[in-house]
Protein chains: 4
Amino acid sequence: MPKIDIKPKRFAEILDAAAEIFAEKGYHGASTTDIADKLGIKQAGLYYYFKSKDSALAEVCRLGVQGYVERLVTISQSELSADQKIRAAIREHLQPFHHIRNHVRVFQSERRYLAGENRSEVNKLARKYERELRRLFEAGVAAGEFRQNLDCKLTTLALLGMCNSVTIWYDGKSEKQILKIADNYADIIIGGVVK
Amino acid sequence: MPKIDIKPKRFAEILDAAAEIFAEKGYHGASTTDIADKLGIKQAGLYYYFKSKDSALAEVCRLGVQGYVERLVTISQSELSADQKIRAAIREHLQPFHHIRNHVRVFQSERRYLAGENRSEVNKLARKYERELRRLFEAGVAAGEFRQNLDCKLTTLALLGMCNSVTIWYDGKSEKQILKIADNYADIIIGGVVK
Amino acid sequence: MPKIDIKPKRFAEILDAAAEIFAEKGYHGASTTDIADKLGIKQAGLYYYFKSKDSALAEVCRLGVQGYVERLVTISQSELSADQKIRAAIREHLQPFHHIRNHVRVFQSERRYLAGENRSEVNKLARKYERELRRLFEAGVAAGEFRQNLDCKLTTLALLGMCNSVTIWYDGKSEKQILKIADNYADIIIGGVVK
Amino acid sequence: MPKIDIKPKRFAEILDAAAEIFAEKGYHGASTTDIADKLGIKQAGLYYYFKSKDSALAEVCRLGVQGYVERLVTISQSELSADQKIRAAIREHLQPFHHIRNHVRVFQSERRYLAGENRSEVNKLARKYERELRRLFEAGVAAGEFRQNLDCKLTTLALLGMCNSVTIWYDGKSEKQILKIADNYADIIIGGVVK
DNA sequence: AATGAATGAGTGTTCATTCAT
DNA sequence: TATGAATGAACACTCATTCAT
């Protein structure tokens, strides 16, 4: 959390710069100087906004998961059919890749370098999200919509792996592209590739 | 490539240690001392086997992709049906996760930190693999086995993302488990989750 | 060139320390720790002033040649007789040995360890100085003051070798001594040792 | 001194390689690997011939001064006139620059890096040589051949500086060139540049 | 007459961090 | 809201040296 008297807008700029650098070079490959350079300030100046490099990473990660669980819960509680819920979940999962791509990438790949409490806190959220997602599949099986022999845990992991890997190659240029990807991926998960 | 006169067995041990450390801590988060410690030698001793940390990474990555393209080509040229080819491809893709898990993880996550020529060389292999995989889907569509509206490029990426993410959570304990995952993932890709 | 915002006085202190250590131990025999110790700071602190050991060497060398060419040109353009010009040149050559003895020694003996551009830049200056000096002899020959059979190139090299070697044994204690040496050397070059 | 059972010829080859490398890169800038590479052997193999890098330097330096004092004494005791003695001394001083150029260069520039006893031993020789040379001038003055006001110590140093600097630029290609230089330098020292 | 394999000490350099201003 | 100046710890890498073979 930023100091109370920091302008939120400037703070967000700092965060964005950090996210971009962390995403590009990895947490350990990035130096605070890289971040400062991107902002046009001297490296020591960063410490007005963050108490440590690790806390900057924590902040970026937090922004990267923000809202994920909530959006999934909303879908879960909706009146949609099981497959429509999956479709919606995929869309909600991918859409932030457009607006906060770097934060999400950092959350995915660099959160493991978080120290102590920050790591466990962020991981708890990740596990909660996974659990919530699995329930969507379990409900589909229970409702007879999905195959009875479906391994819901593996399916959840498959879905997550599939979706998260988009950050590796998505260029961030068009939101429409993201929605198209979401639909395609939903098609695959729901109905597979065969006729 | 290792120096000509080094015992291959010892060299492989060094490689394994490097792979394990890189996988665990990331390339930039890992120190050469970490690797040496794991081997029970002094850090300077590593430089008898590698000329730089970067070249060690290159070697690990090379081992991590080794054989992938070849196995895929073999499948592609076999007499199997399109869906059986996908199933076989997934199995061949995942099976090394058991034996050379760390090398594969390093290849996936750390190859981007390779410098210059090493990076491009390894990336070329990765792209070739992707292309070969896509042709499997394209052939399935052409043969009328897969949906006509299938976006083969996206499907390829989905498959890769799904499969590669296994390294994040697979604990390396049982090869049977890997085969089970492969089958489940093949079921999903081929037929989806619905009845 | 030092970073723009560094206090010139402090920077000169750093330079002097580097010059002294380089002169005493040679570039490769000197460690940055030696320099830092002399300044009473920690070794890492040097890198606030220099971006590399090599650039420190470059700076010291630059200071070691500074003004040499200019002073020689002034003499060359003066109204003095040829032998008086040589006498003046020797004096101007040796006098800095008193004030910036270490810089000159480093320029003489260590500039060959400079890398790339720094080396060629500094060498260019050295060659220009040599050329200018040779013209003094050539003019003396043309004017009929010096022997017609004088090999001006060799004579220039002889003069330089003679003068530069003073840095090897001059103890830096008295400026008067330097002027005495200059006069003696001028006597030798101009008239030799015989009656 | 080499081990008793080493072939003198091979030992000389090793010495030459060391001299060349030390001359080119300086003692501290040269690595034992550089020397081994030049010889086409592995670096550890050098230690069959030398017990340390320092002792290799000592051996090279010793070869670089070998005979100097003796030759000067011979000249001193000859029946030549004072100026002819100086001329002969310069010739004898420069001639080895052709045959053992690297050893001489190393003696001149790198002997200061010798440790302990080796250094003092070699320096003693150098001082002896200087003393012997000065006596040549003193004798010339005493005999009325040279100027009465000649500062013999400075003149000796001038002569040495002049002559030794030849190693900096002499390319080692023609022995005739060396003799020409010697004659020119003798002319300068003896009679100066004026008519 | 060397080499393979290693070590221990040191080297230049980077980096996160601090703090007075 | 930053910067100048510095530090301490770590880091990749080099190097002279050793010793069994």
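To find a chain, count down the sequence lines: A is the first, B the second, and so on, and within it residues start at 1.
Taking atom CG of L46(C) as the reference point, atom P of dG4(F) lies 18 Å away to the nearest angstrom. The distance between atom CZ of F50(C) and atom P of dA6(F), rounded to the nearest whole Å, is 13 Å. Here dA10(F) presents its P atom at 19 Å from OH of Y47(C), a figure rounded to the nearest Å. Protein atom CZ of F22(A) is 13 Å distant from nucleotide atom P of dC15(E), rounded to whole Å. Atom NZ of K25(A) is separated from atom C1' of dC15(E) by 13 Å (rounded to the nearest Å).
Under the Watson-Crick or G-U wobble criterion, with both distances below 3.5 Å, dC15(E) is paired with dG8(F). Pair assignment for dT3(E): dA20(F), on the basis of Watson-Crick or G-U wobble contacts that are both within less than 3.5 Å.
Under the 4.5 Å side-chain criterion, counting only non-hydrogen atoms from C-beta, I14(C) is in contact with F50(C). Contact annotation: the side chain of N164(D) approaches that of F97(D) to within less than 4.5 Å [non-hydrogen atoms, C-beta and beyond].
Residues that satisfy the side-chain hydrogen bond (donor to acceptor under 3.5 Å, both in side chains) test with R111(B), not counting sequence neighbours, are N123(B).
Ranking dA12(F), dA6(F), dT13(E) by closeness to the R10(C) side chain, first place goes to dA6(F). Out of dT7(E), dA16(F), dT13(E), the shortest distance to the side chain of K42(B) is found at dT7(E). For S52(C), whose side chain is taken as the heavy atoms from C-beta onward, the closest listed nucleotide among dT17(F), dT13(E), dA16(E) is dT13(E). Listed nucleotides dG4(E), dT17(E), dA2(F) differ in distance to Y48(A); the shortest reach to its side chain belongs to dA2(F). Closest to the side chain of Y49(D), out of dT7(F), dA2(E), dA16(E), is dA2(E). Candidate nucleotides dC15(E), dT14(F), dG4(E) were compared by shortest atom distance to the side chain of A44(D), and dG4(E) ranks first.
Side chain of K38(A) to main chain of D16(A): no donor-acceptor pair is present (N/O by atom type, distance under 3.5 Å, no hydrogens or angles). In this structure, Y27(A) contributes its side chain and D54(A) its backbone to a donor-acceptor pair below 3.5 Å.
The residue among Y27(A) and K53(C) whose nearest nucleotide of DNA chain E is located toward the 5' end is K53(C). Of the two residues contacting DNA chain E, namely K51(C) and G45(B), the nearest-nucleotide position lying further toward the 5' end is that of G45(B).
With respect to E13(D) and R10(D), a salt bridge is recorded, a charged nitrogen being found less than 4.0 Å from a carboxylate O.
The base of dC13(F) lies close enough to the side chain of Q43(B) for a donor and an acceptor atom to sit less than 3.5 Å apart.
Rounding to the nearest 0.5 Å gives a distance of 8.0 Å between CD of Q108(B) and CD1 of I168(A).
Of the residues in residues 28-41 of chain A, those lying under 4.0 Å from DNA chain E by heavy-atom distance are A30(A), S31(A), T32(A).
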